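Take a look at the structure below.
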Amino acid sequence: MLCYSSSSSSSSSSLHHGNNNNHLRLPTEQHLHLLQSFNSPFELKQLHTHFIKTSLPLSLLPLTQVASVCALTPNFTYAQKIFQRVKTPEIFTWNSCLKAFAEGESPNDAVLLFYQIIKFGLLPDSFTLSFVLKACLRLLDVENGRIVHGYVEKLGLSSNLFLKNTILHLYGYCGEFDDALKLFDKMSERDVVSWNIMITHLIKRDDIERAFDLFSQMVVRNLRSWTLMISGFVQCGKPKEAVDLFFEFEKVGLEPNEVTVVAVLSACADLGDLNLGRRIHEFSNKSGFGSNVRVSNTLIDMFIKCGCLEEARGVFNEMKERTVVSWSAMIQGLAIHGKAEEALRVFDEMIRVGMKPNWVTFLGLLHACSHMGLVEQGREFFTSMTSDYGIVPKIEHYGSMVDLLSRAGLLQEAREFIKNMPIKPNGVVWGALLGGCKVHKNIELAEEAIENLSELDPFNDGYYVVLSNIYAEAERWEEAARVRKLMRDRGVRKTPGASSITVDGVVHEFVAGDESHPQAKKIFETWDKLVEKMKVMGYVPNTSVVLLDIEETEKERFLYRHSEKLAVVFGLINTPARTPIRVMKNLRVCEDCHEALKLISTIGNREIVVRDRNRFHCFKDGSCSCRDYW
DNA sequence: GTAGGGTTAG
């Protein structure tokens, strides 16, 4: 049990602080008993302190274990003192201490201890190096990382894959991707982890093409490789590719785990793919993933983004443990479904159960207020998030506030708000003001907004389109044309509106003006019949939303081929009566379509759920869940 | 006693 030399048991030890008595004392029976019966590292540490204070010979203490106490209550000074006492320490002991430091609150202590070990002349082994590398990783300390890398080479451990992989990860993690790549290229032996690390960092750099290239050469892929790539596609905004890869993955015959499930569900949320989402939900219940908080959180998000608020609520209600993410997802979900009051109630409940909100929670609350015109309430949240919860507003919160004020018609106040922001406004902030200017027909402020936007976000077509629409609505055609010319000159093209609907598991996509669908003839015939009935009910085509310089009748024809109209009519034809029609649109719903869909929900006796790029519209019995406030 | 993948927001 005793593993250090006689000198460390000397009573003149420097550890005898607060005690000048160098006289060697003998331990009492009680001490000896304690030495054999301590139950925890804590007790051992107390005993150690006691020995020091009372000048009892430290040789009696199992110092290896004392060192490992550091592993449980990491304290560098304490470790250093013990280290100074030990003449023939075993590297093993120090490794466990290093590990604790590397994983604890002060990873820098691991780096310090590592240099003590070196200074002492003790030979580090592969574990020593791996722990200190881990500390460097957590500290983003690439300088010391390089030094440790040097030791790896010097000590002849360069063929150790564990170490090499950790160094790869460290370089990538610290933003030194080129170094990681150089090392990867030089490695004589690589395993699946080496490849996975390189793919991870390519994804982090948003280089999904190269990441997928590496993945496709890989000879051996494990579950992590697949999950990494699927989640990489989602992170890089390619949910379709993520889902396709998941189908490939299923063919290989591997079983998804919780992490895979989270990645696929995120893709389903982005795509609005309810079919796959439901299938994964069942699978995850069967596999017992239901108790995993992240899985449940992602399920909530998936159901919300697929328009199934009730099912999202079901998952939320069944959760035994909820995190701030669960609550925030629910609040944000209710917000985009236009259920502001309920979102606020969920927030009250969240506070009542003692859950601390974060910045995302408040973003959800501000969205709820903004989508429903609750100006005062929104203002209160904005103030309270800082004063009551100590959360510093981010640019997103400012954007949301400008949105709230502008939509409510408080345009001057919104402008003042922007002028007084403590951080530089971005395109989203000015864009929110521009949106309000459109609704409330304020050309002057719109021009100011676009001036700022031309600088901040010059290639975003949406802003030019809004300004052009504002001019067109005011019948200022020349200016509308000038904006369109500006777009052309700058090479900005309007993103075509596109809507999709899934029928029998097949996704049908419609682009504005599209007459190429196999059922196009039937769709237009049905539409013509509908529009007759709609006109009787008071529908007047709003051609001002059509940007093109064309004849009025041509404009109408174009208006009738807006993507959301095509998708909904296709749904009417191809789905059973009285079932809901679910449509997804890449842009915001146009005003004319919004009016039309309200009427169609009555004529067709259907619930029509449209997810646009901002929120959900649920058309039912002639009205929309957004109460025309969007 | 050692390395790689996950949720709200965007």
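All values reported here derive from a predicted model rather than from experimental measurement. Quick note: numbers below take in every heavy atom, side chains included, and nothing from hydrogens, waters or symmetry partners. Residue numbering restarts at 1 for every chain, and letters A, B, ... go by the order of the sequence lines.
Checking B:dG6, B:dG10, B:dG5 against the side-chain heavy atoms of A:Glu258 singles out B:dG6 as nearest. If you check B:dT2, B:dA3, B:dG6 against the side chain of A:Asn165, the one that comes closest is B:dA3. Set against B:dG5, B:dA9, B:dT2, the side chain of A:Thr227 has B:dG5 as its closest nucleotide. Looking at the side chain of A:Val262, the nearest of the listed nucleotides B:dA3, B:dT2, B:dG6 is B:dG6. Considering only the side chain of A:Phe127, B:dT2 comes nearest among B:dG5, B:dT2, B:dT8. Set against B:dG1, B:dT7, B:dG10, the side chain of A:Asn297 has B:dT7 as its closest nucleotide. Comparing B:dT8, B:dG5, B:dG6 by their closest approach to the side chain of A:Arg294 singles out B:dG6. Of the candidate nucleotides B:dG10, B:dT7, B:dG5, B:dG5 has the atom nearest to the side chain of A:Val259. Of the listed nucleotides (B:dG1, B:dT7, B:dG5), B:dG1 has the atom at the smallest distance from the side chain of A:Asn95.
Between B:dG6 and A:Gln235, a contact under 4.0 Å exists linking OP1 or OP2 to a side-chain N or O. For the pair A:Lys134 and B:dA3, the criterion of a side-chain N or O lying under 4.0 Å from OP1 or OP2 is met.
Per the geometry, CD1 belonging to A:Ile91 stands 14 Å off C1' belonging to B:dT2, to the nearest Å. Computed from coordinates, the A:Phe114 CZ to B:dT2 P distance equals 18 Å when rounded to whole Å. Between the CZ atom of A:Phe303 and the C1' atom of B:dT7 there is a distance of 15 Å, rounded to whole Å. If you measure from atom CG of A:Asn292 to atom P of B:dG6, you get 13 Å, rounded to the nearest angstrom. In this entry the distance linking CZ of A:Phe233 with C1' of B:dG6 reads 17 Å, nearest Å. Nucleotide B:dA3 holds its C1' atom 9 Å from the CZ atom of A:Arg224, rounded to whole Å. Distance, A:Glu103 CD to B:dA3 C1': 12 Å, rounded to whole Å. Separating the CE atom of A:Met385 from the C1' atom of B:dA9 is a distance of 12 Å, rounded to the nearest angstrom.
With A:Ile199 as the fixed residue, the side chain to side chain contact (heavy atoms under 4.5 Å, CB included) test singles out one of A:Arg210, A:Lys204, A:Met218: A:Met218.
Here A:Asn160 lies out of heavy-atom contact (under 4.0 Å) with every strand. Within 4.0 Å of A:Val295, counting heavy atoms only, lies at least one base atom of the nucleic acid. Here A:Ile167 lies out of heavy-atom contact (under 4.0 Å) with every strand. Within 4.0 Å (heavy atoms only), A:Trp359 reaches at least one base atom of the nucleic acid.
Taking A:Trp630 as the reference, A:His594, A:His617 meet the ring pair (Phe, Tyr, Trp, His ring centres under 6.0 Å) condition, with sequence neighbours excluded. By the ring pair (Phe, Tyr, Trp, His ring centres under 6.0 Å) test, A:Tyr151 pairs with A:Phe114, sequence neighbours left out.
Judged by ring centres under 5.5 Å apart and planes tilted less than 30 degrees, A:Phe162 stacks against the six-membered base ring of B:dT2. By the criterion of a centre-to-centre distance under 5.5 Å and near-parallel planes under 30°, the ring of A:Phe131 forms no stack with the base of B:dG1.
Considering only heavy atoms from C-beta on, A:Met229 stays 4.5 Å or farther from A:Arg221 through its side chain. The shortest side-chain heavy-atom distance between A:Met385 and A:Pro393 falls under the 4.5 Å cut-off.
Judged by distance alone, with hydrogens and angles left aside, the side-chain atoms of A:Tyr171 form no donor-acceptor pair with the main-chain N or O of A:Lys182 at under 3.5 Å.
Side-chain atoms of A:Asn257 and base atoms of B:dG5 include a donor and an acceptor less than 3.5 Å apart.
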